[in-house]
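Convention: sequence-line order gives letters A, B, ...; per-chain numbering from 1.
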Number of protein chains: 2
Amino acid sequence: MGVGDPLTPTGRVILGMVGLGKTTGYDIKQLVDRSTRFFWAASYGQIYPELRRLEQAGLLRGHEEPTGGRLRTVYELTDAGHRALEEWLGSDLDLVGEMRDEGMLKLFFSDLAGPERQLQIVRQMREALERKHAQLSALHSHASAMSSGPRLTLEYGLGATTWMIGWCRETERRLSGREAA
Amino acid sequence: MGVGDPLTPTGRVILGMVGLGKTTGYDIKQLVDRSTRFFWAASYGQIYPELRRLEQAGLLRGHEEPTGGRLRTVYELTDAGHRALEEWLGSDLDLVGEMRDEGMLKLFFSDLAGPERQLQIVRQMREALERKHAQLSALHSHASAMSSGPRLTLEYGLGATTWMIGWCRETERRLSGREAA
DNA sequence: CAGGTCATGTAAAGCGTTACATGATTTT
DNA sequence: AAAATCATGTAACGCTTTACATGACCTG
């Protein structure tokens, strides 16, 4: 596999995490769950096979570093890995997030269910957003210890979520008014 | 397959679209591409097999209705289909959008690439968002002809995108300032 | 009559989650 | 001694995209 090979989706997050100093599959998963999860998740079922694929492709180098009798494989970027990471970070992005939001889909079809249901859907969207906002807020308490990139993504997520909660609130108000009228 | 069976992801959008009066696979795909695509896409490779699965499950009924010599299978909701659709629309939503945003992922790792790259990434995010905003705006010109659900999702998408563009703009300003300083 | 739209489909490949399985070390 | 954490992995299943393939009808 040559250097020009495009990274797979999960390959991107793994390469980045190893670049940030995360060394084991477990360690990567931990940080993903505490940070990128909100816009880019990854599961063990993807991480471990992908680590080996990236090693085979020459972008990572792994060596055994057991802690006592506990197995442990530590990965680091090779020169080719560094280059691939910089190439990816410098490349254009054409795809904007293909996202899936079930609340939005329900809202789209909500005319089929009647006005009370429509209001209920917006309320549920808001509640889900509020849960998300709470999780992001919890992370934000460590913001001072974050470097620029992670802090920016967190503030973006927090701000966007806040806007969306506000939209839901105002829409709930408008829809309730319509019912009362 | 009983009524209590959970709908597959694509099953949901198809059932909804048939509920809205879309009758053929082609027709469904057209509307998806002009509307829900921004938060819920679907491809022919999913639509046609899923239509048959939903028919087998008793939620849809399909019959041949050729236009001249041109094959055409028209679907409609069965009673069970109506019930399944209402059940889904009335159910709680626990999952908030699992989304994937490559711009955010790049921004997260942007410290590895230097300050100019970081600025470049935010600029690219804004440009992608502006393209999306333009597409949504084009749809919005027909807003008066839309029913409540579709109009709400469109306005939500437009508003959220506008907020995000503003965030990018302000962040670009802040990051440029930092460079100049 | 050429190009666009209507209309349907399949096969292969890739992506991803979930559930399962194992075992050592550390903390309470 | 139990519970939590560290650590790695696989198998099955399901979802989705992409590329390919076909052909009729309509418009200029």
Asker: Round to a whole Å and report the spacing from CD of B:E102 to P of C:dC15.
Answerer: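 Going from CD in B:E102 over to P in C:dC15 covers 13 Å.
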Asker: Go through D:dA7, C:dT8, D:dT10 for me and flag the one nearest to the B:R72 side chain.
Answerer: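 The closest nucleotide is C:dT8.
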Asker: Which one, C:dC15, D:dG9, D:dA7, comes nearest to the side chain of A:T8?
Answerer: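 Nucleotide nearest to A:T8's side chain: C:dC15.
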Asker: Which of the following nucleotides, C:dT10, C:dT8, D:dG9, is nearest to the side chain of B:R52?
Answerer: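 Side chain of B:R52 sits closest to C:dT10.
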Asker: In whole angstrom, what separates B:Q30's CD from C:dG4's C1'?
Answerer: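 Atom-to-atom, B:Q30 to C:dG4, this comes out as 12 Å.
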Asker: Check every atom of C:dT8, C:dT17, D:dC6 against the side chain of B:Y26 and return the nucleotide holding the closest atom.
Answerer: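 Given the options C:dT8, C:dT17, D:dC6, the side chain of B:Y26 is closest to C:dT8.
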Asker: Applying salt bridge (Lys or Arg N to Asp or Glu O under 4.0 Å), run through B:R83 and B:E86 and close with a yes or a no.
Answerer: CA-CA 5 Å; B:R83 266 180 275 126; B:E86 294 214 5; over 6 Å; no
Asker: Give the rounded distance in Å between these two atoms: CD of B:E98 and P of D:dC15.
Answerer: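 Roughly 12 Å, once rounded to whole Å.
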Asker: Give me each pair satisfying salt bridge (charged side-chain N to carboxylate O under 4.0 Å, His left out) with a member in residues 31-41 of chain B, each pair once, sequence neighbours excluded.
Answerer: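 For residues 31-41 of chain B, and leaving out neighbouring residues, the salt bridge (charged side-chain N to carboxylate O under 4.0 Å, His left out) pairs sorted by first residue read B:K29-B:D33.
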Asker: I'd like to know if the side chain of B:K106 reaches the main chain of A:S91, judged simply by a donor and an acceptor atom lying under 3.5 Å from each other, with no hydrogens or angles considered.
Answerer: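 Side chain of B:K106 to backbone of A:S91: a pair is present.
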Asker: Check the distance between D:dT18's C1' and B:K29's NZ and give it to me in whole angstrom.
Answerer: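 Taking NZ of B:K29 and C1' of D:dT18, I get 11 Å after rounding.
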Asker: Rounded to whole angstroms, how far apart are CD1 on A:I14 and C1' on D:dT8?
Answerer: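 From A:I14 CD1 to D:dT8 C1': 14 Å.
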Asker: Tell me, for nucleotides 18-25 of chain C in 5' to 3' order, what letter each nucleotide earns: B for a base near a protein heavy atom under 4.0 Å, S for only sugar-phosphate near one, - for neither?
Answerer: B-----BB
Asker: When the nearest nucleotide of DNA chain C is assigned to A:A42 and to B:D27 on a heavy-atom basis, which residue is associated with the more 5' position?
Answerer: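 Nearest nucleotide further toward 5': that of B:D27.
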Asker: Using distance alone, with no hydrogens and no angle criterion, decide if A:T10 and A:E50 have a side-chain donor and acceptor under 3.5 Å apart.
Answerer: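 Judged by distance alone, the side chains do not pair up.
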Asker: Does a salt bridge link B:E127 with B:R123, judged by any charged N lying under 4.0 Å from a carboxylate O?
Answerer: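 B:R123 and B:E127: not salt-bridged.
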Asker: Considering only NZ, NE, NH1 and NH2 on the basic side and carboxylate oxygens on the acidic side, decide whether B:E55 and B:R52 come within less than 4.0 Å.
Answerer: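 No, this pair does not count.
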Asker: Specify the separation, in whole Å, of atom CZ of A:R53 and atom C1' of D:dT10.
Answerer: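 Result: 13 Å.
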Asker: Keeping B:T67 on the side-chain end and B:R70 on the backbone end, is there a donor-acceptor pair under 3.5 Å?
Answerer: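 Checked: no pair found.
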Asker: Specify the separation, in whole Å, of atom CD1 of B:I28 and atom P of C:dC6.
Answerer: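 Atom CD1 in B:I28 sits about 15 Å away from atom P in C:dC6.
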Asker: Provide, to the nearest angstrom, the distance between the CG atom belonging to A:L71 and the C1' atom belonging to D:dT10.
Answerer: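 Computing the A:L71:CG to D:dT10:C1' distance gives 15 Å.
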